[in-house]
Q: 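One structure, pasted below without further comment.
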Amino acid sequence: MKIVVFGSINMDLTAYVPKLPLPGETLFGDSYITVPGGKGNNQAVAAARLGADVQFVGRVGDDIFGQQVLKIVAAENVNVSQVAVDKEKRTGLAVISVDKNAENAITVISGANWRMGEEDVARAEGCLSDADVLMLQIEVPLQASLQIAEIAKRKNVKVIFDPAPATPLPDKVYQTVDFITPNETETEILVGILPHNKEEARQAAAILHQRGVNNVIIKMGARGVYYDNVDQKGFVQPYTVKAIDSVAAGDAFNAGLAVAIAEGKPIAEAVKWGAAAGAIATTRKGALPAMPYRAELEKLMREQG
Ligand code: RIB
């Protein structure tokens, strides 16, 4: 089962702090880590750890962060042969604070990620012929993501689109992708409803259906996940875990969902895979290191359903 991920790759500099700083405030933190991240990269590594054959298409700068990140990601069984080294821009960087409640605040310097364009789309197209799923996020230019989504649609490759970070989207996106997976704040930016419960999520999903997307999955973190593909609607309760760091939990969710969809699992089961993958990611520090392995996901689902 093959998954192509077209997206961002960053180095994450993550500080663990008692609380997120206010504007103008200087705080003492407890510790920091420097680990690979980027929404595309996290999704790629998580999908590989969950058992997929993963091809990653992205861009790094010609610098030490790019070299370090690629070495680590390649060791995770992600095929990085289609990650270009960009001479013009530096590797993407994310500066992250995580507080005692596992909440985070992230600043992304896109660097080479924002140079993704036609050349990258062409390389990605070459990888799609035997792919089951294409995973997209929008830490790279939306136009490039949309172009590869349209190609995937023509080739009958399922497209899972994570509208993160949040931005309003043209209708063409909804008409092209198969799945859209916003979290609460992304849902609010897309449709003007901040969902707190199943009913509000259902209302938001109805608007997204009207715009043309069939499968809507609304990630509400500790409140659970609502899914709605018109024929089937449902709600998945959150898994109970000891959360210490929520960075990249959404990326892990999308990878769990993608692997299950690529394996032909029904939507209700695939959403559970996403929820379990996301929950496991919150139990470890950092982005890439926190991504879930298949054995622990299956164990959590056996224990909690
Ligand atoms: O989704 C988490 C990711 O967002 C981090 O790894 C960081 O790089 C930012 O892209």
Side-chain angles (χ1 to χ4, degrees), residues 5-17 20 32-49 56-61 63 65-66 68-70 72-73 76 78 83 89-99 102-116 135-142 144-145 160-167 180-187 189 217 219-221 243-258 274-275 277-292:
V5 182
F6 182 91
S8 59
I9 185 163
N10 292 333
M11 183 61 94
D12 287 2
L13 179 55
T14 305
Y16 293 90
V17 293
L20 300 179
Y32 73 90
I33 53 173
T34 309
V35 293
K39 295 185 194 302
N41 180 36
N42 299 336
Q43 295 187 6
V45 169
R49 287 185 177 184
F56 185 55
V57 183
R59 247 170 211 266
V60 293
D63 51 31
F65 278 170
Q68 289 172 345
V69 167
L70 282 189
I72 294 169
V73 177
E76 292 282 345
V78 171
V83 177
K89 289 283 181 181
R90 299 175 68 183
T91 299
L93 177 75
V95 180
I96 304 176
S97 295
V98 178
D99 73 10
E103 288 300 332
N104 64 69
I106 305 182
T107 303
V108 175
I109 314 292
S110 298
N113 294 312
W114 214 248
R115 302 233 317 143
M116 294 274 281
M135 298 181 73
L136 300 171
Q137 328 74 36
I138 36 177
E139 275 185 335
V140 300
L142 178 62
S145 296
I160 300 181
F161 184 85
D162 192 6
T167 184
I180 194 162
T181 61
N183 66 17
E184 301 107 309
T185 53
E186 289 150 6
T187 302
I189 286 175
I217 295 170
K219 303 179 277 195
M220 294 187 283
I244 59 164
D245 180 348
S246 59
V247 170
D251 300 329
F253 179 101
N254 274 53
L257 175 79
I280 292 165
T282 68
T283 65
R284 289 194 282 266
K285 286 186 173 179
L288 184 147
M291 293 301 97

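Start at 1 and go down the list; that is how both ligands and their atoms are numbered.
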Q: Has the side chain of N183 got a donor or acceptor atom that lies under 3.5 Å from a matching backbone atom of T185?
A: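 Answer holds: yes.
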Q: Closest approach of Q137 and K39, non-hydrogen atoms and distance?
A: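 Looking at all heavy atoms of both residues, the shortest contact is CG-CB, 4.0 Å.
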Q: Got the closest protein heavy atom to atom 3 (C) of ligand 1, with its distance?
A: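 The answer is N42 ND2, 3.7 Å.
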Q: Could you tell me the residue and atom name of the protein heavy atom closest to atom 10 (O) of ligand 1, and the distance to it rounded to 0.1 Å?
A: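 Ranking protein heavy atoms by distance from atom 10 (O) of ligand 1, first comes E139 OE2, 2.4 Å.
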Q: Test your reading of the structure: does G38 have an N or O sitting under 3.5 Å from an N or O of ligand 1?
A: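 It does: an N or O of G38 is found under 3.5 Å from an N or O of ligand 1.
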Q: From I9 CD1 over to R59 CZ, what is the distance, rounded to the nearest 0.5 angstrom?
A: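 These two atoms lie 12.5 Å from each other.
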Q: Do D162 and K219 sit within salt-bridge range, that is, some charged N less than 4.0 Å from a carboxylate O?
A: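 Here D162 pairs with K219 in a salt bridge, since their nearest N and O are under 4.0 Å apart.
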Q: Report yes or no: does a heavy atom of S8 sit under 4.0 Å from some atom of ligand 1?
A: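 S8 does not count as a contact of ligand 1 under the 4.0 Å cut-off.
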Q: Should you measure from each heavy atom of A248, which atoms of ligand 1 turn up under 4.0 Å away?
A: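 Here the atoms of ligand 1 in question are 1 (O), 2 (C).
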Q: Classify the side-chain pair D99/Y16 by whether it contains a donor and acceptor separated by less than 3.5 Å.
A: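 There is no such pair between these side chains.
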Q: Determine yes or no for a side-chain-to-main-chain donor-acceptor pair under 3.5 angstrom, with T91 supplying the side chain and G66 the backbone.
A: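 Checked: pair present.
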Q: Give the numbers and elements of all ligand 1 atoms closer than 4.0 Å to a heavy atom of A94.
A: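 Going through ligand 1 atom by atom, the ones under 4.0 Å from A94 are 7 (C), 8 (O).
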Q: Around atom CZ of R90, are there more than 12 heavy atoms from other residues, nucleotides or ligands closer than 6.0 Å?
A: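 Atom CZ in R90 is not packed in, count stays at 12 or less.
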Q: So if I count the atoms of ligand 1 from 1 in the order they appear, which ones are less than 4.0 Å from some heavy atom of A287?
A: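 Those atoms are 6 (O).
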Q: Which atoms of ligand 1 have any heavy atom of G37 under 4.0 Å away?
A: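 Those atoms are 6 (O), 8 (O).
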Q: When you measure from atom 2 (C) of ligand 1 to every protein heavy atom, which one gives the shortest distance, and what is it?
A: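 Protein heavy atom at minimum distance: D251 OD2, 3.4 Å.
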Q: Could you check L93, L288, V95, V108 and say which one makes a side chain to side chain contact (heavy atoms under 4.5 Å, CB included) with N10?
A: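 One option only clears the test, and that one is V108.
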Q: Please list the nearest protein heavy atom to atom 5 (C) of ligand 1 with its residue and the distance rounded to 0.1 Å.
A: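 Its nearest protein heavy-atom neighbour is D12 OD2, 3.2 Å.
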Q: Starting from atom 4 (O) of ligand 1, locate the nearest protein heavy atom and write down its residue, its atom name and how far away it is, to 0.1 Å.
A: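 Minimum-distance protein heavy atom for atom 4 (O) of ligand 1 reads K39 NZ, 3.2 Å.
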